[in-house]
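Notes to accompany the following structure.
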Amino acid sequence: MLIDNDEKYLAMLDRLRTGPPLMVYDLETSGLDPFRGDRLIGVAILIPDMSGETPGETFYIPFRHLAGTNLPIDRLYWLAPFLADPQRSLVGFNLKFDVHSTEIERIPVFNRHMDVMLAAHLANENELSFALKHLGTKYLESSAADAESELMQKIKKKVKELGGSTASAKLKGEMRVLPPEHVAPYAEQDVYLTWQLARFYQEVLTKQGLLHLWPEVNAYSETITAMERRGVLIDPERCKRNLEYAKQRQEELYGQMRQIVGKDFNPNSVPQLREILKQKKTDRDTLIKLAQLKNPIAPLLLEYRAWVKVAGTYYEEFLKLMDDSYRIHPNLNLIGTISSRLSCSRPNLQALPRGTDVYRVRDLVIAPPGYVLVSFDWNQAELRLLAHYTKDEFLLDAYRHQKDIHQETADRIGITRTQAKRTNFSIVYGVGKIGLAEELGISVPEAAQLLERYHAMLPGIRKLYSTSEQIATRNRQIPMWTGRLRHYREEDPTHRAMSHLIQGGVAEMARIALTKLHRRLEGTRAYQILQIHDEILFEVPIGQEIEIVKAIKAIMEDYPFDVPIVAEGKIGYSWGNMKPIDFRDGEPVIPKLERENV
DNA sequence: CCGCATAGCCC
DNA sequence: GTACGGGCTATGCGGG
């Protein structure tokens with residue numbers, strides 16, 4: 001039903017008040033970037049019929065269409081009491097987006113999330129697409145996909161009439177060119193579809209014994225939403241300076257290369273570089289070899305590439321993505337991986353260079369006035385989880401007595417500590433002799449020998465590898481320590497099962513820690529702002545460091561494993577410049593920080 | 001405009 | 001006999 005006057009609106013609100021404490025909620029917006037200007041244009045709501053006799057009632061409330069009749073935007077606030085109630089639930093599809101778009105309108109959302117997209121990912125992380133229409137047509141015999149394309153045709157036509165662009169990427173943003181009565185059926189279809197899928201997945205998750213995890217990932221979604229909303233603060237002046245310098249260095253380096261080559265060329269073109277360098281590949285390893293052979297272009301190109309990377313991927317992107325208070329709000333994707341890790345995009349803050357000189361990118365992430373940044377990361381989370389599973393005496397003993405695991409490994413196998421460290425990491429990924437040979441820069445037979453000695457020392461690892469694979473092969477799934485499943489289709493290889501068990505297990509540790517921390521930090525002025533798999537970044541008010549840091553450490557070390565889990569903290573005014581926090585008898589010693597001046 | 005290849009950043 | 005786990009982005013280039 002299209003809500004086109006106050007009377008109908010009030011009647012709908014009455015249904016909300018007297019109905020069940022949940023509604024399906026889906027916004028139509030002018031675009032996909034709520035933090036940078038895209039705005040809500042209408043709200044679709046489904047009020048379920050809990051008796052199940054009817055699918056429920058659907059409504060569409062238009063606020064910012066460019067044609068037809070809207071309700072005045074201040075009527076949006078009539079929904080506020082229904083969104084600010086933690087006793088109520090919001091059923092949706094990728095709720096983070098709808099919540100951001102709502103909160104941008106200064107309407108805080110405290111409803112519990114019930115995100116059907118997350119249910120779909122729990123039930124089967126292998127889906128080709130997690131789009132609502134895709135899942136709808138796949139599982140519901142629905143014609144939603146057709147309805148959608150019809151609507152797109154309408155929009156295209158309308159935009160053409162108005163003489164606008166018909167670029168398909170802009171279509172979503174042009175939905176507002178249509179009058180509400182054309183959009184309402186489509187929007188109502190979406191909430192209907194969402195509700196049907198909610199019921200479908202409730203059943204699927206129940207059958208798989210996973211239903212108890214849905215509220216957990218929904219709580220995670222709430223904390224991730226808060227993190228995205230807070231975002232991370234960028235030093236804009238420094239970012240601009242760095243960008244200018246990077247551009248200038250690119251110019252200089254191209255000039256020098258141009259001199260040597262003797263004619264114009266595109267230093268970004270791999271085919272041209274292959275020609276110039278007379279090499280099949282032009283990657284870093286190749287260039288380093290060439291540089292050692294005194295090729296004059298190779299070192300210049302290496303540095304050139306670094307500046308291109310840093311300028312294009314980070315500096316320019318940060319300036320583009322900053323909101324007007326210099327914060328960027330990355331997309332922390334809850335369904336971006338098969339292992340249940342988060343992925344991150346726009347920008348990918350999980351892949352900021354940690355390096356020095358050219359790559360001083362983390363310096364740009366700074367604490368706001370009155371705050372410091374605090375970072376905690378787990379000490380060798382994967383290996384500790386591996387130790388928990390394998391029960392290898394060597395690992396258990398080393399971790400229980402706080403020995404240097406890499407040094408111990410090195411001593412036992414007769415290699416350097418660096419080699420041992422790399423081997424330990426590679427083992428978690430399930431590498432073979434070829435991969436390890438590559439990693440360590442040794443021959444394949446040498447790597448094979450090394451692996452033999454390694455597995456002789458740690459027999460549990462090879463065993464875990466094969467039992468994981470057996471379980472995955474037989475059951476086509478393997479449970480993490482939380483019960484979350486990694487599923488394997490008939491055609492999927494299962495040799496990565498151990499790797500999934502460990503990587504997924506650590507991801508589950510992170511999920512649980514972040515969810516607990518979100519609750520713990522409520523009411524303080526400290527915020528979690530980023531998760532980088534085994535690291536969490538916080539903004540902590542100056543003066544509260546001791547209390548907050550203790551709470552973080554306690555939560556990040558609270559796991560039911562046979563080995564202790566250890567989290568180590570750092571603190572600083574920028575992410576690129578942190579000092580360790582010492583713990584003496586459980587009491588943190590906050591190091592003295594200097595504001596660095598550049 | 002899109003998909004693929006190559007290169008390169010992270011845990 | 002085999003086999004390095006999981007991500008995102010920029011750029012060029014050739015297809016339509």
Side-chain angles (χ1 to χ4, degrees), chain A residues 125 165-170 250 265-274 279-288 301-302 304-318 320-321 330-355 358-359 361-362 375 377-383 385-386 422-423 425-440 444 447-448 451 465-466 468-469 486 493-507 509-510 530-537 575:
Chain A
E125 70 283 1
S165 140
T166 57
S168 67
K170 288 195 74 181
Q250 282 179 45
F265 69 104
N266 180 352
N268 300 319
S269 164
V270 173
Q272 289 186 35
L273 289 174
R274 275 200 274 248
Q279 299 289 321
K280 278 184 201 151
K281 288 164 68 87
T282 71
D283 64 359
R284 184 167 41 221
D285 285 351
T286 308
L287 293 178
I288 288 173
L301 187 55
L302 277 167
Y304 174 85
R305 284 235 175 107
W307 289 115
V308 168
K309 174 77 182 172
V310 112
T313 309
Y314 307 111
Y315 301 144
E316 281 179 356
E317 201 60 10
F318 286 2
K320 252 185 248 165
L321 293 175
N331 175 25
L332 290 164
N333 192 352
L334 290 158
I335 58 160
T337 72
I338 53 169
S339 62
S340 92
R341 289 206 322 190
L342 296 179
S343 73
C344 182
S345 60
R346 304 202 58 212
N348 183 0
L349 294 181
Q350 288 180 326
L352 291 201
R354 34 184 16 284
V358 176
Y359 291 108
V361 176
R362 292 190 186 206
S375 157
D377 70 311
W378 285 302
N379 175 289
Q380 295 158 11
E382 271 99 352
L383 274 182
L385 193 55
L386 198 65
R422 290 181 168 213
T423 307
F425 280 122
S426 303
I427 287 290
V428 177
Y429 301 151
V431 296
K433 54 190 173 186
I434 298 169
L436 188 62
E438 185 115 338
E439 175 73 27
L440 298 181
V444 175
L451 278 177
Y465 188 97
S466 63
S468 305
E469 188 174 11
R486 166 79 179 104
T494 53
H495 67 270
R496 301 183 187 120
M498 183 187 88
S499 169
H500 294 154
L501 182 70
I502 300 301
Q503 188 179 119
V506 174
M509 287 170 61
L530 209 55
Q531 184 254 54
I532 314 95
H533 310 305
D534 62 354
E535 174 182 0
I536 307 174
L537 191 63
W575 195 14

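Side chains included, hydrogens not; waters and symmetry mates left out as well; all remaining heavy atoms used. Every chain is numbered from 1 and lettered A, B, ... according to where its sequence line falls, protein lines coming before strand lines.
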Check whether any side-chain nitrogen or oxygen of [X] sits under 4.0 Å from OP1 or OP2 of [N], and answer yes or no.
| X | N | answer |
| --- | --- | --- |
| A:Arg284 | B:dG8 | no |
| A:Asn348 | C:dT9 | no |
| A:Arg305 | B:dG8 | yes |
| A:Ser426 | C:dC4 | no |
| A:Thr282 | B:dA7 | yes |
| A:His500 | C:dG6 | yes |
| A:Ser269 | C:dC13 | yes |
| A:Asn266 | C:dG12 | yes |

*For DNA chain C, whose closest nucleotide is more 5', that of A:Arg346 or that of A:Ile434?*
A:Ile434
Going from [atom1] on [X] to [atom2] on [Y], what distance comes out if it is rounded to the nearest 0.5 angstrom?
| X | Y | atom1 | atom2 | value |
| --- | --- | --- | --- | --- |
| A:His533 | A:Glu382 | NE2 | CD | 10.0 Å |
| A:Arg422 | A:Glu438 | CZ | CD | 11.5 Å |
| A:Ile288 | A:Leu302 | CD1 | CG | 6.0 Å |
| A:Ile532 | A:Leu537 | CD1 | CG | 5.5 Å |

To the nearest angstrom, how far is [X] atom [atom1] from [N] atom [atom2]?
| X | N | atom1 | atom2 | answer |
| --- | --- | --- | --- | --- |
| A:Gln279 | B:dA7 | CD | P | 11 Å |
| A:Gln272 | C:dT11 | CD | C1' | 12 Å |
| A:Tyr429 | C:dG6 | OH | P | 11 Å |
| A:Gln250 | C:dT11 | CD | C1' | 12 Å |
| A:Ile335 | C:dG7 | CD1 | C1' | 14 Å |
| A:Asn333 | B:dC10 | CG | P | 21 Å |
| A:Phe425 | C:dG6 | CZ | P | 18 Å |
| A:Asp283 | B:dA5 | CG | P | 17 Å |

Looking at the side chain of [X], which of [options] is the nearest nucleotide?
| X | options | answer |
| --- | --- | --- |
| A:Arg354 | B:dT6, B:dC10, C:dC4 | B:dC10 |
| A:Ala351 | B:dG8, B:dC10, C:dC4 | B:dC10 |
| A:His495 | C:dG5, C:dT9, C:dG7 | C:dG5 |
| A:Arg496 | C:dG6, B:dC11, B:dC9 | C:dG6 |
| A:Asn268 | C:dG5, C:dT11, C:dG7 | C:dT11 |
| A:Lys281 | B:dA7, C:dG6, C:dA10 | B:dA7 |
| A:Arg362 | C:dC13, C:dC4, B:dC11 | B:dC11 |
| A:Pro271 | C:dC13, B:dG8, C:dC4 | C:dC13 |

_Minimum heavy-atom separation for A:Ala351 and A:Tyr314, please, with both atom names._
O-OH, 3.0 Å
Counting the atoms with a prime plus P, OP1 and OP2 as sugar-phosphate, which does [X] contact under 4.0 Å by heavy atoms, base, sugar-phosphate, or nothing?
| X | answer |
| --- | --- |
| A:Glu439 | base |
| A:Leu342 | nothing |
| A:Ile338 | sugar-phosphate |

*Between the base of B:dC11 and the side chain of A:Arg341, is there any donor-acceptor pair under 3.5 Å?*
yes
*asked:* I'd like to know if A:Gln503 reaches the base of C:dG5 with its side chain, counting only an N/O donor and acceptor under 3.5 Å.
replied: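 Under the 3.5 Å cut-off, the side chain and the base do form a donor-acceptor pair.
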*So, A:Arg486 versus A:Ser468: side-chain donor-acceptor pair below 3.5 Å or not?*
no
*asked:* Is it the case that the side chains of A:Glu439 and A:Ser426 hold a donor-acceptor pair, with the cut-off being a distance below 3.5 Å and no angle test?
replied: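 The answer is no; no qualifying pair exists.
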